[in-house]
Every structure is written in C-alpha cells, then in structure tokens.
Amino acid sequence: MPELPEVEVVRRGLERWVCGRTVEHVQVVHLRAVRRHQGGPVDFASRLAGRTLGAAQRRGKYLWLALDPGDGDEALVGHLGMSWQLLVQPEQAPDETHLRVRLTFTDGGRELRFVDQRTFGGLAVEPLAASGVPAALEHIARDPLDPLFDDVVFGQALRRRRTGLKRALLDQSLISGVGNIYADEALWRARLHYARATETMTRPATARLLADVRAVMAEALAQGGTSFDSLYVNVNGESGYFDRSLDAYGQAGQPCARCGTPIRRDPFMNRSSFSCPRCQPRPRAGHW
DNA sequence: GGGTTAACCTGCGGGC
DNA sequence: TGCCCGCAGGTTAACC
C-alpha cells in the first residue's frame with residue numbers, strides 16, 4: 001500500500017476530513033500501534049484529547065498533523081507500515097478486524113480509525129523541530145516530488161555510496177517515498193539494473209532515473225486520485241488501482257512491454273526485484 | 001561509520 | 001481438508 005503516491009492520497013483525505021477538528025477521545029485498541037510514542041498509550045491518548053488537528057503534511061512515507069496549529073509545538077505523526085489504512089467512519093460502523101486506534105471528535109461527526117493487519121506502522125505524538133518537521137523525521141530526506149528536492153546534491157550523494165542502485169533508492173535518508181514497487185518501475189523505465197553500482201551513476205543517467213521516478217509516481221498519484229472514495233481516507237490496496245499500469249513489479253513471466261522478453265523475479269533484500277533481463281542487463285563486475 | 005542482514009507481525013495462496 | 005512454506009508495498013536494531 002504505502003509508497004509516496006499512496007501516502008499522498010491518504011494525506012489529502014486527512015486534509016479534507018480531519019483537519020480543523022478537535023479530538024474528543026482516543027482509544028488505543030492495540031498497544032503495538034503506539035509503541036513509538038515515548039510516554040505509552042495512556043499518555044498518547046491524554047496528549048491528543050482536546051487538541052485541534054492542523055494541516056496534514058507529509059515527508060516521504062510519513063504523515064503528520066500539527067496539534068493546536070499556531071501555538072502548538074507538537075504533532076501527531078503516523079507511518080503506514082505495510083498494511084495500514086486510515087478510515088473515516090460513522091460511529092455506528094462495526095469495528096474493523098484490525099482496528100488499532102480510534103479517534104472521536106467533539107463535533108460528533110465521523111471518527112478516524114487506524115486499521116492495520118501487521119502493525120508495522122504506528123502513531124506517536126512528537127515534538128516539532130525548528131524546521132517545522134517532527135524531530136523524529138529529520139533524518140528522512142525530501143522526496144522527489146518536493147520542490148526543494150535537490151537533484152545535484154542527490155546525484156553527488158548517490159555516487160559517494162558503495163552499494164547497488166536499488167538499495168540506494170530504498171534508503172529513505174537519501175531519497176524518500178520510493179518503495180519496492182516504484183523502485184522497480186522506475187528502474188525498468190530507465191533501463192537500469194537494480195544492482196548497478198551507485199558510484200557509476202553519471203549525471204545524465206541520474207537525471208533520467210529521477211525523471212522516471214517522478215513520472216511513475218505522478219501517474220500513480222493521478223490514478224489514486226480518481227479512485228478516491230469520499231467515505232474513506234482511502235488507499236485501497238485490494239482494488240489495486242495502479243496494478244494495470246505496472247510494467248515490472250509483480251510481472252514475473254509476463255512479456256516486457258518493450259521487448260517481449262519475460263520479466264524475471266530475483267530475490268532481493270528478503271523480498272523480490274522484478275526486471276527485464278534484456279532491457280536491464282546485469283552489470284558485469286568491474287565494468288560501467 | 002557505512003553497508004547488510006534479521007527481526008518485527010498477521011494473513012493468504014500454493015503445493016503436498 | 002489441512003498443514004507448511006513462502007511471500008507481502010517498511011523500518012529498525014544489531015552485526016560485520
């Protein structure tokens with residue numbers, strides 16, 4: 001579910017449905033969901049009660065809402081992990097199987113529910129740093145759709161790395177928002193192998209890669225927007241709104257859209273990497 | 001200190 | 001049918 005385009009869809013949903021409302025009560029259904037909050041679940045709930053939620057903001061795959069905007073120095077920070085959904089639900093709607101945290105509001109309107117199967121994500125109240133970003137997120141790099149993302153600095157940092165290209169793309173301290181799906185899609189578009197040594201990435205190659213990362217994210221975002229359901233703050237992984245557009249990820253055995261060669265799946269970082277063996281040949285040791 | 005791996009969870013689908 | 005295994009869009013702690 002949650003790479004940059006999906007998280008951005010959630011952010012827009014929060015902006016529309018939750019921003020400006022005052023929290024009445026917080027119910028922590030599952031302790032693990034707030035494990036990152038320093039003070040524990042009771043403190044988490046008491047810090048949120050009575051606070052008004054400000055604008056929804058995002059960095060990479062993280063979201064936050066300032067508390068009591070204008071004079072607050074704290075924010076409600078969330079990460080969606082692998083399987084989170086944030087749902088805006090009527091009070092009478094039955095609890096979801098994996099409901100982890102519930103927020104109700106003083107206006108008596110729809111409640112905000114944090115639903116997660118694997119509990120890899122979580123919520124916390126965090127102090128805001130002087131930069132305006134939650135202190136816990138200051139190590140997260142800007143994302144490629146951020147106007148302040150610096151392509152030149154990224155290229156220099158990339159060449160200083162001594163690792164494979166996809167590992168670098170997934171490193172949120174170097175570039176944020178890119179996950180396994182869009183890394184594979186961007187590498188396919190750029191005709192680059194995931195294991196290509198980062199120090200061999202020339203300026204033009206880096207520029208092309210960044211352009212492809214941005215293009216695939218923008219396309220996914222556009223499609224995520226069309227499937228937005230007004231009842232939910234919705235990222236619907238099951239319906240797979242972008243699935244039809246995927247050229248590499250999950251396409252093992254399917255013909256490459258460019259050359260017809262079957263897409264191949266390789267084990268990668270306890271996961272998978274999908275690529276076209278012909279368009280994205282594995283770099284030979286000592287070359288490039 | 002940088003790079004890499006293992007672990008954290010639950011559920012689902014495929015193979016036997 | 002049922003069990004076991006591998007796999008899942010992420011991050012972090014701990015290890016070289």
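Letters go in sequence order (proteins before strands), and every chain restarts at 1.
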Which nucleotide sits closest to the side chain of [X]: [options]?
X        : options               : result
A:Arg161 : B:dC9, C:dG9, B:dG3   : B:dG3
A:His98  : C:dG9, C:dT12, B:dT10 : B:dT10
A:Thr163 : C:dG9, B:dG3, B:dC9   : B:dG3

Atom [atom1] of [X] to atom [atom2] of [N]: distance rounded to whole Å?
X        : N      : atom1 : atom2 : value
A:Met82  : C:dA8  : CE    : C1'   : 5 Å
A:Arg118 : C:dG9  : CZ    : C1'   : 9 Å
A:Arg167 : B:dT5  : CZ    : C1'   : 8 Å
A:Arg162 : B:dG3  : CZ    : P     : 9 Å
A:Asn270 : B:dT5  : CG    : C1'   : 7 Å
A:Arg35  : B:dC8  : CZ    : P     : 12 Å
A:Gln251 : C:dG9  : CD    : P     : 13 Å
A:Gln172 : C:dT11 : CD    : P     : 5 Å

For this session: Once you apply the 3.5 Å cut-off to both distances, tell me the Watson-Crick or G-U wobble partner of B:dC9, or none.
Result: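 Because no pair has both required distances under 3.5 Å, B:dC9 counts as unpaired.
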Problem set entry | Base-pairing assignment for C:dC4 (Watson-Crick or G-U wobble, both under 3.5 Å) |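 Across all strands, the one nucleotide that pairs with C:dC4 is B:dG14.
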For this session: Supply the atom-to-atom distance A:Asp116 CG to A:His79 NE2, rounded to the nearest 0.5 angstrom.
Result: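 Answer for the CG-NE2 pair, A:Asp116 versus A:His79, is 11.0 Å.
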Exercise. Between atom CG of A:Asp266 and atom NZ of A:Lys166, what is the distance when rounded to the nearest 0.5 Å?
Worked result: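 Reported to 0.5 Å precision, the distance equals 9.5 Å.
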Looking across every strand, which nucleic acid part, if any, lies under 4.0 Å from [X] by heavy atom: base, sugar-phosphate, or nothing?
X        : answer
A:Asp116 : nothing
A:Arg36  : sugar-phosphate
A:Arg265 : sugar-phosphate

Exercise. Is there aromatic stacking of A:Phe120 against C:dT11, centre distance under 5.5 Å, plane angle under 30°?
Worked result: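 No; centroid distance or tilt outside limits.
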Quantified in whole Å, what is the [atom1] atom distance between nucleotide [N] and nucleotide [M]?
N     : M      : atom1 : answer
C:dG9 : B:dG3  : C1'   : 23 Å
B:dA6 : C:dG6  : P     : 14 Å
B:dC9 : C:dA14 : P     : 14 Å

Indicate whether OP1 or OP2 belonging to [N] is found under 4.0 Å from a side-chain N or O atom of [X].
X        : N      : value
A:Lys61  : C:dT11 : yes
A:Ser272 : C:dA8  : yes
A:His79  : C:dT11 : yes

Problem set entry | Partner of A:Tyr249 under ring pair (Phe, Tyr, Trp, His ring centres under 6.0 Å), chosen from A:Phe274, A:Phe268, A:Tyr182 |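 Looking at A:Phe274, A:Phe268, A:Tyr182, the match for A:Tyr249 under the ring pair (Phe, Tyr, Trp, His ring centres under 6.0 Å) is A:Phe274.
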For this session: Assess A:Arg142 against A:Phe149: is NZ or CZ under 6.0 Å from the centre of the six-membered ring, and within 45 degrees of the ring's axis?
Result: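 Verdict for A:Phe149: no cation-pi partner in A:Arg142.
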Problem set entry | Comparing A:Met269 and A:His30 on DNA chain B - which has the more 5′ nearest nucleotide |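 Result of the comparison: A:Met269.
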Problem set entry | Working for side chain to side chain donor-acceptor pair (under 3.5 Å), residues A:Ser272 and A:Arg265 | CA-CA 6 Å; A:Ser272 302; A:Arg265 172 191 175 276; 2.8 Å; yes
Problem set entry | Heavy atoms from other residues, nucleotides or ligands near CZ of A:Arg35 exceed 12 (cutoff 6.0 Å) |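 Atom CZ in A:Arg35 is crowded, with more than 12 foreign heavy atoms closer than 6.0 Å.
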